[in-house]
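Below: the structure, in structure tokens.
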Amino acid sequence: HDETTATELVHTASRALSRANLKAQPAYDFYTSQLDLEIYRRHQLEQSLRNAIQQDELFLEYQPKVDIWSGQILACEALIRWDHPEWGRIPPQDFIPLSEEGHCYLPIGEWVLETVCRTIQSLLQQQSPVVPISINLSSKQLLHRDFVDTVRTCLHRYHVPARYLQLELQENALLHESEFVKETLQQLHQLGIELILDGYGSGVSSLSSLQTHPISSLKLDRSFVARLEEDDRPVPLIKSIVYLAKEFQLSVVAEGIETLHQLDQFRDLECHAVQGYLFSRPVGIEALRPLLKQGVLQPVESLKKSPKKPLPSLHGLISITRLNGKDVNVGASPILITRSTNRSVHFYASIRLPVDHQIELSLQLTDKIGRAHV
């Protein structure tokens with residue numbers, strides 16, 4: 001019922017098939033007009049990502065990890081950001097999978113490693129307080145035979161002691177169960193690099209991996225924070241993880257902490273450290289320096305309470321008609337329009353739109369039964 005001719009129906013089916021093929025597991029998908037815009041955006045990002053480093057579009061932000069009781073800064077996590085000239089700030093969950101599919105993960109990973117080492121070198125030369133900085137590691141990087149040499153060379157080039165570099169591994173990196181991965185992790189450990197298992201508790205890795213790999217810290221999956229807000233069922237699991245971590249002499253970090261209530265919950269659960277907006281948002285290197293000099297962060301609850309009466313909202317459809325002087329023929333995506341003040345409105349969409357000023361958009365407002373008003 002989406003189209004009226006055989007040709008149009010074949011086109012819509014092809015778009016749905018393209019979307020289904022992008023999924024990790026064999027799947028099917030139904031056509032919606034939003035597929036056009038999503039596929040167009042994905043294609044644009046794939047093409048741009050190859051030159052993002054050369055165009056100086058990538059940058060790093062740093063988020064502190066603090067002691068759960070004192071607020072002392074223990075380490076920082078380096079978070080990669082992409083400021084696209086047309087699509088604006090691209091979330092990592094959008095472009096990191098693209099980098100692995102398009103084999104860009106190696107140059108991007110090397111860029112992150114070199115940038116972090118350069119940052120640490122700068123802090124040391126300026127005699128600023130320095131804490132270890134962690135970078136997120138793709139599981140595919142561990143399978144690259146030159147990875148350990150790349151890390152060793154980068155540390156040597158910037159005269160960075162290995163104790164200031166941490167590597168965060170996803171749980172799926174330990175699923176290979178290969179001797180090569182074990183040897184790689186062991187060599188990194190022997191260099192003096194701390195290895196952190198990120199997203200722990202999502203149900204992927206086994207307890208035996210904590211014995212067979214030189215892991216020194218566990219970072220709890222951020223879903224635990226959201227689930228604790230709803231009920232207490234995750235409590236026994238978190239307690240078990242913390243207990244096992246202590247038995248293995250590992251530290252436990254809870255990420256995604258945004259409220260004082262969440263902080264108190266994980267204090268009761270005896271976690272060692274936390275990371276989240278309650279203490280600090282991810283910041284650039286210039287904003288990080290004074291935080292490191294300060295040394296201790298105080299929790300600041302910044303979440304605003306929702307208004308008692310929700311503002312009226314409208315549903316609609318939005319589409320791109322022209323981008324950088326070129327006509328664009330893509331489908332429409334659903335949006336929600338809300339009034340924020342008497343002089344402005346907010347648009348909420350499931351897909352991020354370009355922010356470049358050379359853009360023309362088409363907007364349709366619809367009522368509950370879907371009839372267009374304008």
Side-chain angles (χ1 to χ4, degrees), residues 59-81 89-94 96 112 116 119 129 131-137 166-171 194-202 215-235 237-239 241-242 245 250-306:
F59 63 98
L60 295 181
E61 290 183 329
Y62 303 88
Q63 188 173 36
K65 306 173 189 178
V66 303
D67 181 90
I68 197 168
W69 289 103
S70 68
Q72 179 185 356
I73 300 177
L74 304 175
C76 291
E77 179 182 3
L79 300 168
I80 186 171
R81 301 290 188 246
R89 182 73 70 90
I90 309 298
Q93 62 267 26
D94 284 2
I96 294 299
V112 172
V116 167
T119 296
V131 297
I133 297 179
S134 65
I135 63 178
N136 292 279
L137 199 62
Q166 298 175 338
L167 299 179
E168 297 196 15
L169 319 172
Q170 293 295 323
E171 284 188 305
E194 182 178 348
L195 302 178
I196 302 170
L197 193 56
D198 192 13
Y200 191 79
S202 59
I215 304 298
S216 59
S217 181
L218 303 179
K219 182 181 281 189
L220 291 177
D221 189 76
R222 63 174 55 245
S223 63
F224 282 120
V225 176
R227 289 160 60 189
L228 278 176
E229 289 291 308
E230 300 173 357
D231 56 61
D232 294 333
R233 283 182 293 180
V235 169
L237 179 57
I238 299 175
K239 285 184 176 180
I241 293 175
V242 173
L250 309 176
S251 61
V252 179
V253 181
E255 64 174 336
I257 303 298
E258 298 183 353
T259 67
L260 291 170
H261 175 64
Q262 293 169 349
L263 178 64
D264 289 337
Q265 285 180 307
F266 282 92
R267 280 175 171 173
D268 292 338
L269 293 168
E270 300 183 5
C271 283
H272 303 92
V274 293
Q275 178 182 1
Y277 285 6
L278 182 63
F279 286 91
S280 175
R281 292 174 175 269
V283 296
I285 182 59
E286 294 305 321
L288 179 64
R289 297 180 196 274
L291 293 183
L292 293 176
K293 290 182 179 179
Q294 184 177 332
V296 176
L297 301 181
Q298 299 298 325
V300 178
E301 200 162 12
S302 59
L303 295 182
K304 298 180 180 179
K305 295 182 179 179
S306 58

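This structure is a prediction, so every number in the text was calculated from the model and none was measured.
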Apply side chain to side chain contact (heavy atoms under 4.5 Å, CB included) to I196 and I215, showing your working. CA-CA 6 Å; I196 302 170; I215 304 298; over 6 Å; no
Enter the distance from [X]:[atom1] to [Y]:[atom2] here, rounded to the nearest 0.5 Å.
{"X": "Y200", "Y": "Q170", "atom1": "OH", "atom2": "CD", "answer": "14.0 Å"}
{"X": "L250", "Y": "I241", "atom1": "CG", "atom2": "CD1", "answer": "11.5 Å"}
{"X": "L197", "Y": "L167", "atom1": "CG", "atom2": "CG", "answer": "12.5 Å"}
{"X": "L60", "Y": "L288", "atom1": "CG", "atom2": "CG", "answer": "11.5 Å"}
{"X": "E61", "Y": "S280", "atom1": "CD", "atom2": "OG", "answer": "10.0 Å"}
{"X": "Y62", "Y": "E77", "atom1": "OH", "atom2": "CD", "answer": "11.5 Å"}

Can you name the salt bridge (Lys or Arg N to Asp or Glu O under 4.0 Å) partners of [X], sequence neighbours left out?
{"X": "R289", "answer": "E286"}
{"X": "E168", "answer": "K65, K219"}
{"X": "D231", "answer": "R233"}

Test side-chain hydrogen bond (donor to acceptor under 3.5 Å, both in side chains) applied to E194 and S251, S134, S217, S216, the passing residue: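 The option that passes is S216.
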Does F266 reach the side chain of L228, with side-chain heavy atoms less than 4.5 Å apart?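 Side-chain contact under 4.5 Å: yes.
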Validation row: L260, P299 side chains within 4.5 angstrom (heavy atoms):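 Sidechains of P299 and L260: in contact.
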Could you give me the CA-CA distance, side-chain angles and deciding distance for E255 and L220, then say whether side chain to side chain contact (heavy atoms under 4.5 Å, CB included) is met? CA-CA 7 Å; E255 64 174 336; L220 291 177; over 6 Å; no
Distance-only, no hydrogens or angles: does the Q262 side chain make a donor-acceptor pair with backbone N or O of T259 under 3.5 Å?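 Between the backbone of T259 and the side chain of Q262 there is a qualifying donor-acceptor contact (under 3.5 Å).
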Could you tell me whether the side chain of H272 and the main chain of V252 form a donor-acceptor pair under 3.5 Å?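 Such a contact is found between H272 side chain and V252 backbone.
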Picking from D232, L237, I238, what satisfies side chain to side chain contact (heavy atoms under 4.5 Å, CB included) with V235? D232
Please enumerate all residues that pass side chain to side chain donor-acceptor pair (under 3.5 Å) together with [X], with sequence neighbours excluded.
{"X": "D67", "result": "S70"}
{"X": "Q63", "result": "Q275"}
{"X": "Q294", "result": "none"}

